[in-house]
Amino acid sequence: MLIARWKLLVLQALVAIVALGTWHIGSAGTFGITFLPKFFFSAPLDVGNRIVKMFVDGTVKIATCSEPLDLSRILQTNDACFGKTVWQHLLITSIEGLLAFVIGSLAGVMMGFWFARKPLVAAVFDPYIKMFNALPRVVLAPIFMLWLGLGIWSKVALGFTLVFFIVFFNVYQGVREVSPVILANARMLGMSERQLFRHVYWPSALSWMFSSLHTSVGFAIIGAVVGEYLGSAAGLGYLIQQAEGTFDVTGVFAGMVILAAFVLFVDWLVTLVENRLLVWKPPAASQQV
Amino acid sequence: MADPPVVRLTRVDVAFPEPSGAVFKAVSGASLEVAGSEFVAIVGPTGCGKSTLLNCAAGLLKPAAGTVDIFGTPLVGLNRHAGYLFQQDALMPWKTARDNIALALEVGGTPATEARDRAQVWLTRVGLKSFGDRYAHQLSGGQRKRVGLAQVLIRDPKILLMDEPFGPLDAQTRQIMGNLLLNLWAADKKAVMFVTHDLEEAIALADRVVIMSAGPEARIIGDHRIDLVRPRDATEVRLQPRFHELHKAIWGQLRAEVVKAYGGEIG
Ligand SMILES: Nc1ncnc2c1ncn2[C@@H]1O[C@H](COP(=O)(O)OP(=O)(O)O)[C@@H](O)[C@H]1O
Ligand SMILES: [Mg+2]
């Protein structure tokens, strides 16, 4: 079914208006009853104002700082210019997510290839891989903090454990499920093992990896935020955790909205990258209208 | 001394292990010779072992017994003189049509720009001049086969192995492809092993039509010289009286095998 773009936008906006409207009416007690008391549920306008205030305050703090902009200080949580601004929180969560994604993907690709090409290795490690993957990652967070401290690396490690397994399983699958006909054809064209790797295994594995790009990028950010939430001095997870600690529900909602917007933005970036890299893929059956 | 045949299969046996542990003898004692610049079509009921035989000639399968000689030398590993057009789609979906063809040259060390230029020449030759930038899924079945043909022929193999190359195409496209193949082959005569289940197609294209018996333990049971004059038109040749005589003679033999292959299911 093909829906006109404007119609879809109107309907989507309608959902937001109804939800926000209900929230507003419920918290303001417009009809005499306050079924969403502000202490527990805050109010949409308060949340909006708080978000604006956070960005204004943060921007003002950085803009009016007399010291020159210095990259080495941007990440310092006690810095006089950048410390605890919303921009710093966003930047730190982004850096943690990015590092978790890059390192997790690299490790996943290498291990995936290694396992797929060496069945003995795969067979030996299979139960252990399954065991680690079955582990809920939250329980690892305190251990990572013990090992790596409260800085960004314990969050990167948490994100890594999430990203690694997704990429690993996809690359493993991608290498093993290369079409035997394409492989036979490539060999008949005279490809050496190295050329097979470059022209057949590698693109096939990458296409599997990219098909899970949204999931792995999402998990990288989740790892970072959960890590921050459990113990840190900066980041979006820290922001939410601080607000919760003082029963500042408006602050919690503001943090969640910023986090959601951030994730949507990153997801949009991933879609752009995906459209560039997977031009050769036939559209999925569900998209062929 | 006469030149040795380009391809010589001598009493080839091929066995596949079955899940039960027994061995399935797909091909048994199959012998076939193909001379240089000879176009041989192999026909037989479906599942008799045509692809299996071709894989032996390509070096993708090692026969359990018997020998495969290429230009008089026993084949070890893959057959480096052969180009193979597979029954299924074998293009790399992540490369464009042009890059798929060019890659066949690049693998052998041809510089990328030269390979791409020559690939464009081949695209034109197979009638896909302006389709070079398309990916496999953006091409029709017939167009994909043309790209596959160019990919194989650009390396200029001495032997051309084709496994039901036009199988999934509609009747009209098959005949157009048949003519394309005949023209390319006339310009540069290679030894061809052309597997098909379509006897008419076999007679229209080939110098010789060989019949495989129904499996298991399939072998070559018939060898018919096709004396239709060349150059031929794959469509018009079917109207000649001689075509009908040949068809009648060969079909008599093939029919018995087809019936056997279906185990009498069709009576
Ligand atoms: N890899 C395999 N393992 C087991 N049996 C096979 C394999 N390949 C082919 N066969 C069997 O060998 C016979 C011949 O197959 P094939 O050469 O593909 O027939 P066709 O003449 O249709 O090309 C069939 O009965 C098929 O089931
Ligand atoms: Mg076959």
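Quick note on labels: first sequence line is chain A, next is B, and so on, each numbered from 1.
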S.K.: For atom NZ of B:Lys129, decide whether the heavy atoms of other residues, nucleotides or ligands shown that lie under 6.0 angstrom number more than 12.
M.R.: no

S.K.: Over all heavy atoms of both residues, which pair between B:Val192 and B:Val34 is shortest? Give the atoms and the distance, please.
M.R.: O-CG1, 4.2 Å

S.K.: Please name the pair of heavy atoms, one in A:Leu189 and one in B:Ala104, separated by the smallest distance, quoted to 0.1 Å.
M.R.: CD2-CB, 4.0 Å

S.K.: Should the ring pair A:Phe168 and A:Phe115 be called parallel, tilted or perpendicular, given that the plane angle runs from 0 to 90° and is split at 30 and 60?
M.R.: perpendicular

S.K.: Quick check for you: among B:Leu161, B:Leu85, B:Leu105, B:Leu103, which has the greatest number of heavy-atom pairs under 4.5 Å with chain A?
M.R.: B:Leu103

S.K.: Go through the atoms of B:Ala82 and report whether side chain, backbone, both or neither lie under 4.5 Å from a heavy atom of chain A.
M.R.: both

S.K.: Are the side chain of B:Lys50 and the backbone N or O of B:Pro45 linked by a donor-acceptor pair below 3.5 Å?
M.R.: yes

S.K.: Would you mind checking chain B against chain A for donor-acceptor pairs under 3.5 Å and listing them?
M.R.:
residue	atom	partner	partner atom	Å
B:Ala90	O	A:Asn185	ND2	2.9
B:Trp94	NE1	A:His199	O	2.9
B:Val107	O	A:Gln195	NE2	3.1
B:His137	ND1	A:Trp280	O	2.9
B:Gln151	OE1	A:Asn185	ND2	3.1
B:Arg155	NE	A:Leu189	O	3.3
B:Arg155	NH1	A:Met188	O	3.2
B:Arg155	NH2	A:Leu189	O	3.4

S.K.: Taking all atoms of both residues into account, what is the closest heavy-atom pair of A:Ala205 and A:Val175, and its distance?
M.R.: CB-CG2, 3.8 Å

S.K.: Which pair of non-hydrogen atoms, one from B:Ala30 and one from B:Leu53, has the smallest distance, and what is that distance?
M.R.: CB-CD1, 3.9 Å

